[in-house]
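Nothing here was measured: the structure is a model prediction, and the numbers come from that model. Throughout, protein chains are lettered first and strands after them, A, B, ... in sequence-line order, and every chain is numbered starting at 1.
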Amino acid sequence: MARHLITSALPYINGIKHLGNLVGSQLPADLYARYLRARGHEVMFICATDEHGTPAELAAAKTGEAVADYCKRMHAVQSELARGFGLSFDHYGRSSSPQNHALTQHFAGKLADNGLIREVEERQVYSIADGRFLPDRYIEGTCPNCGYDKARGDQCENCTKQLDPTDLIDPRSAISGSRDLEVRTTKHLYLRQSALKDEIAAWIDSKSDWPILTTSIARKWLNDGDGLQDRGITRDLDWGVPVKRGTEPWPGMEGKVFYVWFDAPIEYIAATAELADKLGEPDAFWRRWWRLDEGAEDVTYTQFMGKDNVPFHTLSFPATIIGSGEPWKMVDYIKSFNYLTYDGGQFSTSQGRGVFMDHALELLPADYWRWWLLSHAPESGDSEFTWENFQTSVNKDLADVLGNFVSRVTKFARSKFGETVPEGGDWGGRERALVADLAERLRAYEGFLDHREVRKAAAELRGIWVLGNEYLQAAAPWATFKTDPHAAAMQTRLGLNLIRLYAILSQPFVPFTSEAMLEAMQTGDRDWPADIGAALTILPPGHAFTVPEVLFAKITDEQRAEWEERFKGVRS
RNA sequence: GGGCCUGUAGCUCAACGGUCAGAGCAGGGCGCUCAUAACGCCUUGGUUGCAGGUUCGAAUCCUGCCGGGCCUACCA
């Protein structure tokens with residue numbers, strides 16, 4: 001039994017996430033967590049909402065709520081959706097928690113003590129009408145290069161030229177449209193990442209087994225131009241973690257907060273502390289996961305994230321931890337994903353293009369989405385969601401291969417032997433061959449999951465399901481029943497036991513269906529099989545079972561057409 | 001502009017220097033009838049984007065070109 005710490009990138013608080021967000025971090029992380037728990041390991045699976053930053057403030061302003069209220073409400077919404085998708089977090093925290101405030105301030109204090117913080121005077125655009133400093137991208141104007149009149153302060157989307165907000169002709173606030181802007185001087189803290197460059201580079205170089213996507217992005221940032229740049233870790237905002245040096249005030253930094261990307265990863269740790277507090281446990285409860293000097297030496301830590309998150313997890317957060325000089329647990333493996341695209345284009349939260357978590361659950365049970373998304377996870381490149389592919393895959397894999405297997409076994413058993421596991425007959429060569437085939441495929445399945453190979457694991461699981469259908473076809477209990485009822489009883493008994501086995505093996509992918517299968521088999525024995533032969537005799541002769549409802553109804557052409565139409569436009 | 005990833009059967013992908021380039025779906029044929037017209041078996045189908053090069057041997061390594069995607073540090 002090993003100890004596994006697993007974190008999913010934090011979904012931003014600003015609205016309901018789409019399927020692309022889900023498959024890029026939370027869902028594969030959940031798959032891995034469920035698998036490791038099923039194997040008997042001790043797992044701490046952490047996620048949280050990322051609540052700070054300008055977009056949260058603006059989203060709250062739009063609904064007329066105080067930002068704290070907005071975040072509280074949206075956290076509840078996201079939390080409910082996570083439950084709906086079966087995401088088995090041990091804790092779903094909030095980056096705005098008191099625990100995260102304290103820990104973020106602690107890290108900043110340590111970094112300052114170690115000489116890794118410097119103060120920088122900056123000139124930034126202030127909007128008088130909005131009463132706030134504007135991040136570069138929230139300033140709009142005419143591009144001096146191409147004349148495009150909706151260029152943003154960081155870059156012109158039309159000609160892709162990188163810009164400085166002061167380059168813009170006729171600049172205005174993207175929030176209010178106000179032209180009443182001025183450049184003001186403001187002071188900010190910078191994390192001296194450049195001083196830690198060599199240490200971080202050596203650390204990255206030691207991770208030879210990480211996905212290329214992860215290491216290539218890290219190396220790019222480490223080596224590009226002048227190398228790893230120092231990074232501002234404070235902002236002139238109201239909503240966030242107030243800048244403090246540990247528990248002490250930070251002279252000159254009054255009224256400022258830490259940058260959202262500084263406090264967000266720290267929330268992984270703080271969320272674990274939130275859990276301890278919720279359970280009434282002492283600090284040791286969470287520190288044994290995070291402090292090498294307090295019990296975390298034997299922890300394996302895996303992070304899951306979309307590729308846009310990689311720089312922060314390979315560079316900024318490690319810089320924070322290394323720079324603290326304290327023995328915090330660093331990540332052992334970073335699993336990163338490309339993007340899921342929607343019908344040829346991008347999923348878009350702002351444009352409402354694509355399928356979002358709430359709508360997805362209105363249409364179909366979570367397992368349909370979990371299966372499709374995980375079996376098509378964008379591991380090697382971007383992958384595309386189309387309704388046609390979704391319909392075909394789900395109908396074939398879930399309804400025909402798995403669902404129908406359960407259906408044919410239980411209905412046959414009930415009609416010939418009643419609703420108890422039939423007795424009589426002994427295994428022969430065919431059954432032993434099946435066990436051998438299952439054992440071989442199970443080894444492969446476990447290997448893929450151990451290495452977080454999501455798509456391959458899904459393909460292997462499907463192969464395991466197929467073995468059941470192949471066996472039935474070859475054994476043909478409906479035929480043997482006429483000539484040798486004992487043999488038919490044995491074959492049927494094996495089929496029923498296969499259902500229990502499949503429920504256990506499929507649980508990481510389709511947990512709700514897995515539960516329904518176990519319930520139908522009326523068993524609570526969900527031990528991961530150490531020995532397939534033994535696992536297929538757990539349900540003994542005479543054990544009662546029930547015939548479950550159809551596990552997966554097929555998606556009809558009419559449904560597909562309707563959904564295709566409904567989700568191609570703007571979110572309603 | 002720079003960098004990274006990617007281009008393999010109609011579709012989605014595997015194979016990451018070495019037996020005839022594999023699998024699922026789709027297409028064709030046969031079988032079965034327990035089952036959600038489901039399942040099983042067999043089968044059609046590829047000059048591995050293009051052009052060179054390295055090697056006994058290349059989808060795989062190198063160079064160039066063409067196409068797709070992403071990143072480029074004050075959105076997160």
Side-chain angles (χ1 to χ4, degrees), chain A residues 9-14 50 52-56 58 122 124-125 133-139 152-155 160-162 164-165 174 188 193 211-213 215-217 219-221 223-225 228-232 235-236 259-261 264 306-312 315-316 338-339 341 346 349-350 375-376 378-384 386 388-389 392-393 395-416 455-456 458-459 462-463 466 468-479 481 488 491-492 495 547 549-554:
Chain A
L10 308 187
Y12 196 63
I13 194 68
N14 174 19
D50 177 14
H52 297 137
T54 309
L58 297 180
E122 294 184 323
Q124 295 208 334
V125 175
F133 283 96
L134 297 177
D136 292 355
R137 69 165 40 204
Y138 284 99
I139 303 157
R152 293 189 324 210
D154 55 343
Q155 185 176 37
T160 74
K161 185 179 174 62
Q162 307 237 19
D164 187 274
H188 282 295
Q193 298 187 136
I212 295 171
L213 183 63
T215 51
S216 65
I217 291 172
R219 291 212 171 84
K220 158 76 172 166
W221 283 55
N223 302 323
D224 200 33
L228 187 60
Q229 301 298 298
D230 294 346
R231 194 169 179 110
R235 292 290 184 274
D236 288 294
Y259 176 42
V260 54
W261 260 116
K307 58 186 169 186
D308 51 331
N309 273 283
V310 169
F312 304 99
L315 308 166
S316 314
N338 288 281
Y339 292 142
T341 60
Q346 294 206 3
T349 302
S350 57
S375 62
H376 294 79
E379 287 175 303
S380 55
D382 291 351
S383 66
E384 184 182 14
T386 65
E388 186 183 6
N389 186 307
T392 306
S393 297
N395 285 354
K396 200 70 199 169
D397 299 346
L398 296 181
D400 294 347
V401 177
L402 177 60
N404 182 56
F405 174 77
V406 172
S407 190
R408 66 194 297 207
V409 169
T410 52
K411 286 180 180 171
F412 177 79
R414 178 175 63 185
S415 71
K416 302 301 182 195
R455 300 177 82 124
K456 288 180 180 176
R462 186 190 194 278
V466 166
N469 283 312
E470 288 176 353
Y471 171 77
L472 281 190
Q473 196 64 32
W478 49 90
F481 183 76
Q491 292 160 347
T492 304
V547 176
E549 293 297 306
V550 165
L551 293 178
F552 298 100
K554 292 200 190 190

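A:L315 comes within 4.0 angstrom of no nucleic acid atom, judged by non-hydrogen atoms across all strands. Within 4.0 Å (heavy atoms only), A:K554 reaches at least one base atom of the nucleic acid. Counting any heavy atom pair closer than 4.0 Å across all strands shown, A:F312 reaches a base atom. Across all strands, A:E470 comes closer than 4.0 Å only to sugar-phosphate atoms, never to a base (heavy-atom distances).
Remark: the backbone N or O of A:T341 is not paired with any side-chain donor or acceptor of A:E384 at under 3.5 angstrom. A donor-acceptor contact shorter than 3.5 Å is absent between the side chain of A:S375 and the backbone of A:R455.
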Practice item. Evaluate the criterion side chain to side chain donor-acceptor pair (under 3.5 Å) for residue pair A:D397 and A:S393; output intermediate values, then yes/no. Key: CA-CA 6 Å; A:D397 299 346; A:S393 297; 5.0 Å; no
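The one candidate from A:V260, A:I13, A:N14 that meets the side-chain contact (heavy atoms from CB on, under 4.5 Å) condition with A:D50 is A:V260.
Place A:L134 and A:A553 on RNA chain B by their nearest nucleotides, and A:A553 ends up nearer the 5' end.
Across B:rA58 and B:rG53, the matching C1' atoms stand 11 Å from one another, rounded to whole Å.
A 3.5 Å limit on both hydrogen-bonding distances identifies no Watson-Crick or G-U partner for B:rU47. Under the Watson-Crick or G-U wobble criterion, with both distances below 3.5 Å, B:rG1 is paired with B:rU72. Pairing partner, B:rG40: B:rC30, with both Watson-Crick or wobble hydrogen-bond distances short of 3.5 Å.
Put simply, A:F412 does not rest on the base of B:rC34: the two rings are not both less than 5.5 Å apart at their centres and under 30° in tilt.
Nucleotide B:rC5 holds its C1' atom 15 Å from the CZ atom of A:R219, rounded to whole Å. The distance between atom CG of A:N309 and atom P of B:rC71, rounded to the nearest whole Å, is 12 Å.
Side chain to side chain, A:K554 and A:N395 fail the donor-acceptor criterion of an N or O pair below 3.5 Å.
OP1 or OP2 of B:rA14 sits under 4.0 Å from a side-chain N or O of A:S380. Within the structure, a side-chain polar atom (N or O) of A:K456 is placed less than 4.0 Å from OP1 or OP2 of B:rA15. Dashed line: the shortest gap from a side-chain N or O of A:Y259 to OP1 or OP2 of B:rA76 is under 4.0 Å.
Considering only side-chain atoms of A:R462, the nucleotide from B:rC25, B:rA76, B:rG31 that sits closest is B:rC25. With distances taken from any side-chain atom of A:Y138 to the nucleotides B:rC75, B:rA76, B:rG40, the minimum falls on B:rC75. Of all nucleotides listed (B:rG40, B:rC13, B:rC39), B:rC39 comes nearest to the side chain of A:D400.
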